[in-house]
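Reviewing the structure listed below.
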Protein chains: 2
Amino acid sequence: MSSEVIDTPTKILRATLELLEAPGAKLPTMSDIARATGISRQAVYLHFPSRTDLLVAATRYQDRQNQVDAALAPSRGARSGAERLDAFVTAWGNYIPKIYGVARAIMAVTDTDAEAAAAWNTRMQDMREGCAAAIQALAEDGSLPPDTDIEQATDLLWTLLSVRNWENLTQTCGWSQECYIATIRGLAMATIARDLGALTDVLACTDPPA
Amino acid sequence: MSSEVIDTPTKILRATLELLEAPGAKLPTMSDIARATGISRQAVYLHFPSRTDLLVAATRYQDRQNQVDAALAPSRGARSGAERLDAFVTAWGNYIPKIYGVARAIMAVTDTDAEAAAAWNTRMQDMREGCAAAIQALAEDGSLPPDTDIEQATDLLWTLLSVRNWENLTQTCGWSQECYIATIRGLAMATIARDLGALTDVLACTDPPA
DNA sequence: CGCTTGCTTGACACAGTGTCAATTGACAGC
DNA sequence: GCTGTCAATTGACACTGTGTCAAGCAAGCG
């Protein structure tokens with residue numbers, strides 16, 4: 001067990017993540033977070049000037065913990081464009097569950113809080129770069145349908161891979177993670193890389209019904 | 001011009017919709033709505049017990065105004081399953097922009113307000129029935145890939161047609177409505193009805209860039 | 001005239017965010 | 001041991017937004 005001394009900002013971030021990741025979590029208030037951390041509400045403000053700052057810091061902390069770069073690395077080593085697309089979809093799709101708790105919280109305040117919206121957009125923009133790279137690789141292979149707009153293909157892949165779609169399929173519809181991955185992979189491979197064989201994976205998943 | 005007398009609840013609903021549909025609208029407060037209606041804040045509470053009730057009532061009022069049933073009717077008259085899927089995707093895709101303002105507001109409070117979430121879910125469940133009917137028609141035609149789970153196919157179509165996806169592509173990425181429709185139609189037709197010809201419409205849209 | 005209906009004004013409770021000031025306790029350096 | 005500093009505490013406060021309550025007012029109607 002690690003008995004290292006943890007500084008207060010880190011303690012706050014950990015407590016925040018724990019609250020956000022709790023099953024069926026409500027959006028925690030600053031009081032909730034302070035209580036969970038074991039300090040006073042004001043002490044939280046000593047380290048994070050606002051709720052939004054704290055949420056943003058929590059996402060960054062989480063990315064560091066999860067080493068998102070490492071998770072997405074395999075896709076960068078792919079030989080062909082199709083392979084790269086495949087690897088990227090799988091890697092990101094499997095990364096989503098790890099960030100979903102925090103993502104939910106950020107997305108929830110996005111409509112009322114411009115700063116949070118900006119933070120979330122930045123994060124999604126990072127992911128979009130992965131999409132763009134995969135599309136670029138396909139383009140260099142000539143695996144993209146003729147006259148394809150690179151931007152448009154990126155938009156589509158980015159949308160298919162959105163956290164909202166993952167949420168809809170796995171949380172609302174009760175799909176298993178495997179089923180989600182197989183379907184989205186098939187969709188992306190078939191419609192973007194025009195690998196029609198990939199269609200066999202779509203809707204061919206046997207899930208134990210929720 | 002209609003110079004009919006309009007009762008106060010209706011006035012409130014109309015003012016609310018107007019605020020919600022304003023370009024770049026923030027989520028209106030009860031005070032905003034009262035001001036826009038031209039009555040006192042308390043008067044709003046005389047007709048709608050809470051903000052959530054008002055938002056829900058506004059969506060119902062809007063559905064009545066837009067005659068959502070009529071808009072989706074053509075799909076019910078389709079001869080083949082594929083035709084039905086096609087018509088449904090087009091009809092719903094073109095209906096989304098009409099409800100987007102209100103949808104945004106409801107979705108925004110969904111994370112904090114269980115009642116709003118329920119109202120929104122009901123509405124989306126109604127749409128899901130349209131998806132299910134189209135899938136059913138495909139199944140009866142035998143146009144679905146073998147061993148396809150009907151529920152799963154419905155989930156997928158329902159997710160593809162989500163307001164969030166429309167929002168992402170048209171609002172965030174700046175796609176035109178036509179482009180959105182063409183792409184989602186192609187995606188649905190290709191991956192669910194396995195009409196591979198439909199893929200030619202995907203990513204083949206020339207938009208004036210935003 | 002008096003009653004009802006719909007609305008008004010103004011006050012209030014409550015939750016949540018964010019700010020401020022005074023205080024405490026620990027710890028380091030001289 | 002004294003002093004300064006830093007982190008945290010307590011308690012108060014302003015502000016926004018929701019929702020409640022009570023008293024009053026004006027119009028219409030029997």
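Proteins come first, then strands; the chains are lettered A, B, ... in the order of their sequence lines, and each starts at number 1.
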Qualifying residues under side chain to side chain donor-acceptor pair (under 3.5 Å), relative to A:Q65, sequence neighbours excluded
none

Restricting to pairs with a member in residues 46-57 of chain B, which pass side chain to side chain donor-acceptor pair (under 3.5 Å), not counting sequence neighbours?
B:S50-B:D53, B:T52-B:D113

Applied to residues 57-68 of chain B, the salt bridge (charged side-chain N to carboxylate O under 4.0 Å, His left out) test, sequence neighbours excluded, yields B:D63-B:R123

Residue pairs, two or more places apart or on separate chains, that pass salt bridge (charged side-chain N to carboxylate O under 4.0 Å, His left out) and touch residues 85-100 of chain B:
B:D86-B:R185

The criterion is side chain to side chain donor-acceptor pair (under 3.5 Å); which residues satisfy it with A:T159, sequence neighbours excluded?
B:N168

Sorted by chain and number, sequence neighbours left out, side chain to side chain donor-acceptor pair (under 3.5 Å) with A:E167 holds for A:Y100, A:R164

Sorted by chain and residue number, the side chain to side chain donor-acceptor pair (under 3.5 Å) partners of A:W92 (sequence neighbours excluded) come out as none

Which of residues 52-59 of chain B sit near DNA chain C, with a heavy atom under 4.0 Å from it?
none

Hits for side chain to side chain contact (heavy atoms under 4.5 Å, CB included) against B:R41, two or more places apart or cross-chain, chain-then-number order -> B:M30, B:S31, B:A34, B:Y45

For the pair made of CZ in B:F48 and P in D:dG17, what is the distance, rounded to whole Å?
21 Å

Which atoms of nucleotides 6-11 of chain D (N or O only) lie under 3.5 Å from a protein N or O atom, and what are those distances?
from: D:dA8; atom 1: OP1; to: A:T8; atom 2: OG1; distance (Å): 2.1
from: D:dA8; atom 1: OP2; to: A:H47; atom 2: NE2; distance (Å): 2.5
from: D:dT9; atom 1: OP1; to: A:S40; atom 2: N; distance (Å): 3.1
from: D:dT9; atom 1: OP2; to: A:S40; atom 2: N; distance (Å): 2.8
from: D:dT9; atom 1: OP2; to: A:S40; atom 2: OG; distance (Å): 2.4

If we fit an axis to the first five pairs and another to the last five of the helix from C:dC1-D:dG30 to C:dC30-D:dG1, what angle do they make, to the nearest 10°?
20°

Do B:Q171 and B:W166 have side-chain N/O donor and acceptor atoms under 3.5 Å apart?
no

By the salt bridge (charged side-chain N to carboxylate O under 4.0 Å, His left out) test, which pairs, at least two apart or in different chains, include something from residues 16-32 of chain B?
B:D32-B:R35

Between C1' of C:dA15 and CG of A:D32, the distance in whole Å
12 Å

Would you kindly give the OH-to-P distance between B:Y45 and C:dC12, to the nearest whole Å?
18 Å

What is the distance from CZ of B:R51 to C1' of C:dA15, rounded to the nearest Å?
15 Å

